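Inspection log for the structure reproduced underneath, given as structure tokens.
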Amino acid sequence: MADSPLPSSAAARPPHRIHMHAADNVAIVANDGGLKAGATFADGLVLVDNVPQGHKVSLTDLAEGDAVVRYNVPIGYALKAIPRGSWVHERLLRMPAARELEGLPIATVKPPAQAPLEGYTFEGYRNLDGSVGTRNILAITQTVQCVAGVVDFAVQRIKAELLPKYPNVDDVVGLSHSYGCGVAIDAPDAVIPIRTLRNISLNPNFGGEVMVISLGCEKLQPERLLPPGSIALVDERNVADIGETANAKLDVVCLQDDAHVGFMSMIDSIMRQAEEHLERLNARRRETVPASELVVGVQCGGSDAFSGVTANPAVGFCTDLLVRAGATVMFSEVTEVRDGIDQLTSRATTPEVAEAMIREMAWYDAYLDRGRVDRSANTTPGNKKGGLSNIVEKAMGSIVKSGSAPISGVVSPGEKARQKGLLYAATPASDFICGTLQLAAGMNLHVFTTGRGTPYGLAEVPVIKVATRSDLARRWHDLMDVNAGRIADGDATIEDVGWEMFRLMLDVASGRKKTWAEQWKLHNALVLFNPAPVT
Ligand code: CA
């Protein structure tokens, strides 16, 4: 069989294009490898150019200045006449201006109430504050980057020498980051990185076992990172354990403490403290909890023109299922929703929620403006190669991850989500920063869609990765957890893949299944959003 050709079922498919809305005057070529000039679609449309996969073909003759419409939205204006059957790429388009933040529709859309989805459960770790973990992890909080090497060293020893004695603990993770000193810590925007670190330490997957490694002389002192009120979770447990009414002290190992003589004494201190937390974590057991305890962060990265056709709509369907089940779902990525702000403000449950979204967008517009760029700085060479002409087109495909439910809350960068339902967590679109901020918001499960492909993963929560195309899912068969490309192939519906994700989430949350990123231990760094100056 060695001389037989590669399976060519995909290549042999007749010319196939995908059209998102009846009003659209472009569609994207779905065939693997794209199509050559002269290819003829079933309805007689003939390509006049070679068109790569995921790229747009004009369905009508467009005159100079005509709107190019996809998702029923003008994604650009033709810079010259574009005959029917042409490849419509970014060099042929002028991008529309961003929508003004005044005069937006406010809470005008009242989606019909969806029937509650009852009876779905998973096996999770119930925390004292009521949150639920999907993993049982010892996290080691760090006040400053200076201690990161020492913590890394200690984590290796803890994994090798202590973890085997505590089989119910999944992992030990050092929460290293680039903040803590050399920064303008009193600048107003410094609140963002500081509360991000605080709230990550309190993520439900860490069971309230906060231990802190501090250098001693850094600007971000332990009590500033975790003031007494913020660790009520730890206090309560310690009070119950030791029978005292006084607040328990924050567990801090300070490397500059006079008691430390030599590097090994620092490592010994860290290991001694770690063991106390491991003992308590090890005593925990999973229990059956309703699906409403899921806190799911959704985002996309390495997007292509299929993201908004396959994976993101399937995530959107799944988002609706999760909201119906009473869970929390966060969608994010400011620059990828900015062009659809009117869709979001109209879906807000109250005027206050809409106003909060507008405030976040205005803050981000000003932030970008300070750097003399705008939302169009978002798109990457890979996005364009994948067929996305500009940020407007990318945003329309990104927003669909939010499904159709009403938007019931807004989470500012680094804040903790404090309610259930569909929430807009205002974060940059940067994959690592978005993931870091969703961790701070309290996510216990992460869903990540990709068209170009990314091996992204986090040590702190399971990351379910969804491929937008079957070609990617085949090549990256041991990195992608779900293949939404079957939607473009005509082998599955958006609803099929949405339900598949929903069920997979319950399995992954329960620890019954591991994601590929968990299997290979692919752990991206925490990357803080620090809009404040460094010194
Ligand atoms: Ca992203």
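Here the structure is a predicted model, which is why all the values come from computation and not from measurement. Read the numbers this way: they start at 1 and go in the same order the structure lists the ligands and their atoms. Values below: every heavy atom of this structure, side chains too, minus hydrogens, waters and symmetry copies. The first residue of the sequence shown is numbered 1, and numbering continues consecutively from there.
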Quick test of your reading of the model: are [X] and [Y] salt-bridged, counting only N-O distances below 4.0 Å?
X: Arg347; Y: Asp342; value: no
X: Glu336; Y: Arg375; value: no
X: Arg469; Y: Asp489; value: no

How long is the straight-line distance from OG of Ser58 back to CH2 of Trp87, given to the nearest 0.5 Å?
13.0 Å
The N/O/S atom of Asp431 lying closest to the Ca ion (ligand 1) is OD1
What is the OE2(Glu333)-the Ca ion (ligand 1)-O(Cys300) angle, to the nearest 10 degrees?
80°
Please find out if the Ca ion (ligand 1) and some N, O or S atom of [X] are separated by less than 3.0 Å.
X: Ala429; value: yes
X: Glu336; value: no
X: Gln299; value: yes

Compute whether any side-chain donor of one residue and acceptor of the other, for Thr515 and Asp481, lie under 3.5 angstrom apart.
no
